[in-house]
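For reference, positions follow the sequence shown, starting with 1. Please read these numbers as outputs of a predicted model, since none were measured by experiment.
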Amino acid sequence: MVLNLTRALRNFNLENRAHGLIGKEKPRPAPSHPKTEDALRATKTHHPDIEDKIRNKDNLLLTRLKEVYVDSSDPSSEVQTKESASAQEELRLPKLTVNRETLMDLDVESIPKGKISVLEALTLLNNHKNSPETWTAKKISEDYHLDSKKTQALLEYFIPFNVKMIPPKDKKQITDS
């Protein structure tokens with residue numbers, strides 16, 4: 001009973017609503033850029049028959065298109081298995097000075113060579129900031145198996161934040177001044 005009622009309400013005055021939507025003014029396309037309009041006018045003056053060529057079928061072009069045959073195949077699965085096997089061999093354990101519980105929370109078990117985790121990046125950036133003589137780009141790239149140029153760029157362009165705690169002013173100081 002409820003279904004019949006909802007169907008009746010949905011279909012009420014359906015034909016008039018459809019004619020209203022069909023009869024609505026269609027949205028106009030966005031205006032073209034003035035340079036685009038100038039280019040179109042110049043093309044139409046140089047080639048007045050271009051609109052006819054665009055709208056009409058070109059049978060010669062269609063026959064040539066039918067003759068085109070594209071045959072492609074995926075790369076062999078042997079190459080993919082070799083790449084995945086070599087990627088698995090080049091994993092390393094994360095080097096972190098934080099406790100293992102934090103590591104388990106992040107669910108990081110191994111990291112590919114040539115990459116570092118966010119915690120490792122923050123740690124090495126902080127170490128470099130605190131003692132740049134010992135934590136050089138060369139030492140960091142060797143410890144974390146990174147490219148030396150990328151490590152140098154990392155140390156040059158990424159700087160960890162300095163957090164400074166400003167003590168609140170006493171009420172006495174506020175009232176005195």
Side-chain angles (χ1 to χ4, degrees), residues 1-92 94 96 98-126 146-147 150 153-154 156-166 168:
M1 172 111 176
V2 175
L3 292 175
N4 291 337
L5 182 63
T6 55
R7 186 179 303 132
L9 289 174
R10 186 179 58 223
N11 293 337
F12 176 74
N13 202 10
L14 182 66
E15 192 171 336
N16 288 340
R17 286 186 288 150
H19 283 296
L21 285 175
I22 292 171
K24 252 187 184 179
E25 185 177 325
K26 304 294 183 265
R28 294 183 312 137
S32 300
H33 191 271
K35 288 188 177 184
T36 307
E37 290 176 358
D38 294 341
L40 286 173
R41 271 191 242 113
T43 304
K44 286 179 184 177
T45 56
H46 293 300
H47 307 284
D49 58 336
I50 192 138
E51 287 188 21
D52 294 334
K53 286 183 179 179
I54 291 172
R55 288 190 172 79
N56 295 333
K57 287 184 182 179
D58 188 359
N59 291 327
L60 179 63
L61 185 63
L62 287 173
T63 54
R64 288 182 185 164
L65 188 60
K66 288 178 184 176
E67 292 174 3
V68 174
Y69 178 74
V70 177
D71 185 23
S72 67
S73 60
D74 291 334
S76 65
S77 60
E78 295 172 9
V79 174
Q80 291 175 350
T81 55
K82 287 179 184 177
E83 289 174 358
S84 62
S86 64
Q88 288 176 354
E89 292 172 5
E90 295 180 7
L91 295 177
R92 65 174 180 81
L96 290 175
V98 296
N99 58 5
R100 297 295 284 177
E101 292 173 8
T102 307
L103 187 63
M104 293 304 175
D105 290 342
L106 296 174
D107 203 21
V108 177
E109 296 175 5
S110 60
I111 300 170
K113 287 188 178 181
K115 297 188 179 191
I116 54 175
S117 69
V118 174
L119 283 175
E120 287 177 332
L122 292 173
T123 304
L124 70 89
L125 287 170
N126 196 29
L146 299 172
D147 181 34
K150 290 181 181 179
L154 177 74
E156 184 177 343
Y157 296 112
F158 291 94
I159 301 168
F161 293 110
N162 283 336
V163 178
K164 293 184 180 180
M165 298 299 289
I166 301 172

Spacing of Lys150 atom NZ and Lys115 atom NZ [to the nearest 0.5 Å]: 8.5 Å

Asn126 side chain vs Leu122 backbone, donor-acceptor pair below 3.5 Å: no

Any side-chain heavy-atom pair of Leu62 and Asp58 under 4.5 Å: no

Atom pair CG/NZ of Asp49 and Lys44 - distance to nearest 0.5 Å: 13.0 Å

Separation between CG of Leu154 and CG of Leu125, rounded to the nearest 0.5 Å: 5.0 Å

Any Thr43 side-chain heavy atom under 4.5 Å of Leu40 side chain: no

Minimum-distance pair of heavy atoms, taken over all atoms of Arg10 and Arg17: O-NH2, 2.7 Å

From Asn16 atom CG to Leu21 atom CG, the distance as rounded to the nearest 0.5 Å: 11.0 Å

Asp38 bridged to Lys35 by N-O distance under 4.0 Å: no

Neighbour count above 12 (heavy atom, 6.0 Å) for Glu156 CD: yes

Note, Leu60 side chain near Arg64 side chain (heavy atom, < 4.5 Å): yes

